[in-house]
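Okay, so here's the structure we're looking at.
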Protein chains: 2
Amino acid sequence: MKIGDLAARTGVAPRLLRYYEQVGILHPVRSSNGYRAYGEPAVERVLQIRELLDVGLTTDMIREVLPCLGVEPQPRECPPAKDLDGLRGQLVNIEKRIDVLQRNHQAIKKFLNAWEGADTTA
Amino acid sequence: MKIGDLAARTGVAPRLLRYYEQVGILHPVRSSNGYRAYGEPAVERVLQIRELLDVGLTTDMIREVLPCLGVEPQPRECPPAKDLDGLRGQLVNIEKRIDVLQRNHQAIKKFLNAWEGADTTA
DNA sequence: GCAAACCTTGCCATTAATGTGAGGGTTAAG
DNA sequence: CTTAACCCTCACATTAATGGCAAGGTTTGC
């Protein structure tokens with residue numbers, strides 16, 4: 001499909017789809033006329049990218065973890081072992097993020113409960 | 001303490017401490033000479049800010065949640081009820097982030113395990 | 001075959017977080 | 001007192017992610 005179609009199906013502007021290609025996290029092929037051609041899996045891939053970006057990952061991190069997330073790409077390919085280490089790094093990075101978020105989520109919740117369980121009558 | 005001291009104790013550049021003040025998440029008082037004066041609690045507060053920024057929160061979000069995180073500020077103050085709603089919003093926002101991260105963490109781990117449990121002899 | 005709609009590649013703008021330097025006071029050490 | 005080290009404000013630069021526009025080729029519908 002062409003870039004406009006993918007944009008329509010993902011809600012992501014063509015401008016960004018081109019950007020994602022530029023930073024190496026999306027790899028459309030080119031038709032004879034130079035148009036980018038995306039396969040069906042691109043839809044899921046783009047949504048995956050958005051999700052990770054929205055959650056605060058950078059395109060650099062996404063480039064590392066994406067190859068092992070979609071069912072589409074090459075889950076059985078051979079990353080030259082260096083990527084395996086990068087991947088492990090991302091894993092602990094993500095663990096740290098989860099930890100921080102959980103800790104703060106906890107604190108906010110506690111604060112909020114103390115409020116609601118105390119006095120709302122003003 | 002002065003900005004340089006706080007910078008030294010937190011590892012955060014003075015430039016950024018000024019920036020955090022500018023965006024309203026850090027509130028030093030001013031000495032008679034115009035110098036920013038930070039209290040002891042500022043240290044923890046700055047570290048808290050860094051943690052949240054590193055995890056992908058924006059200063060806008062931090063401004064909302066910070067008042068109920070530190071032990072120092074005003075955990076018993078009265079947010080005009082509008083902030084309470086904002087806080088609840090941030091709470092679900094954080095929950096969503098945690099969810100996405102956990103889901104992807106899971107996937108990466110699975111991928112990594114399939115690798116290690118399969119073949120490392122190449 | 002023409003016009004509208006879509007594609008391409010630049011390039012310039014913006015926002016958030018951050019870096020950096022200039023120009024000018026202040027403080028602290030000798 | 002002088003000088004180095006700090007502080008102030010202002011302003012411009014940078015990086016990442018994003019938005020927008022322009023000039024030009026392509027496709028599609030009529």
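By convention in this document, chain letters (A, B, ...) are assigned in the order of the sequence lines, proteins followed by strands, and residues within each chain are numbered from 1.
For E95(B), the side-chain hydrogen bond (donor to acceptor under 3.5 Å, both in side chains) partners are H105(A), not counting sequence neighbours. Residues satisfying the side-chain hydrogen bond (donor to acceptor under 3.5 Å, both in side chains) test with N93(B), not counting sequence neighbours, are R97(B).
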Scoring nucleotides 11-16 of chain C by protein non-hydrogen atoms under 4.0 Å (B base, S sugar-phosphate only, - none) yields -----S
Heavy atoms under 4.0 Å is the rule here; annotate nucleotides 23-30 of chain D 5' to 3' with B where the base is hit, S where only the sugar-phosphate is, and - elsewhere.
--BBS---
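Under the 4.5 Å side-chain criterion, counting only non-hydrogen atoms from C-beta, V65(A) is not in contact with L91(A).
Between the CG atom of L16(B) and the C1' atom of dG19(C) there is a distance of 9 Å, rounded to whole Å. Going from atom CD of E21(A) over to atom P of dA17(D) covers 16 Å, rounded to whole Å. One atom, CD1 of I49(A), and another, C1' of dA17(D), lie 13 Å apart when rounded to the nearest Å. Rounded to an integer number of Å, the gap from CZ of R18(B) to P of dC10(D) is 12 Å. Distance CD1 (I3(A)) to P (dA5(C)): 19 Å, rounded to an integer number of Å. Rounded to whole Å, the distance from CE on M1(B) to P on dC7(D) is 12 Å. One can place CZ of R30(B) at 14 Å from C1' of dG25(C), the figure rounded to the nearest angstrom.
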Please tabulate, one pair per line, all N/O donor-acceptor pairs under 3.5 Å involving side-chain atoms of residues 12-33 of chain B, not counting sequence neighbours.
{"from": "Y20(B)", "atom 1": "OH", "to": "R50(B)", "atom 2": "NH1", "distance (Å)": "2.6"}
{"from": "E21(B)", "atom 1": "OE1", "to": "R36(B)", "atom 2": "NE", "distance (Å)": "2.5"}
{"from": "R30(B)", "atom 1": "NH1", "to": "G34(B)", "atom 2": "O", "distance (Å)": "2.9"}
{"from": "N33(B)", "atom 1": "OD1", "to": "Y35(B)", "atom 2": "N", "distance (Å)": "3.0"}

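Here the closest non-hydrogen pair linking L53(B) and T59(B) is CD2-CG2, 4.1 Å. Heavy-atom minimum distance, L112(A) versus L84(B): CD1-CD1, 3.1 Å. Summarising the geometry of P67(A) relative to I62(A), their closest heavy-atom pair is CD-O, 4.4 Å, with the distance given to 0.1 Å.
Close to dT18(C), at under 4.0 Å from its OP1 or OP2, lies a side-chain N or O of Y20(B). Residue R36(B) places none of its side-chain N or O atoms closer than 4.0 Å to OP1 or OP2 of dC7(D).
Proximity note for A13(A) (side chain, C-beta onward) versus dT18(D), dT18(C), dG19(D): the nearest is dG19(D).
A salt bridge links D60(A) with R63(A): the closest approach of a Lys/Arg side-chain nitrogen to an acidic carboxylate oxygen falls below 4.0 angstrom. A salt bridge links R88(B) to D85(B): at least one charged side-chain nitrogen sits closer than 4.0 Å to a carboxylate oxygen.
Using a 4.0 Å cut-off on heavy atoms, none of the residues of residues 22-29 of chain A approach DNA chain C.
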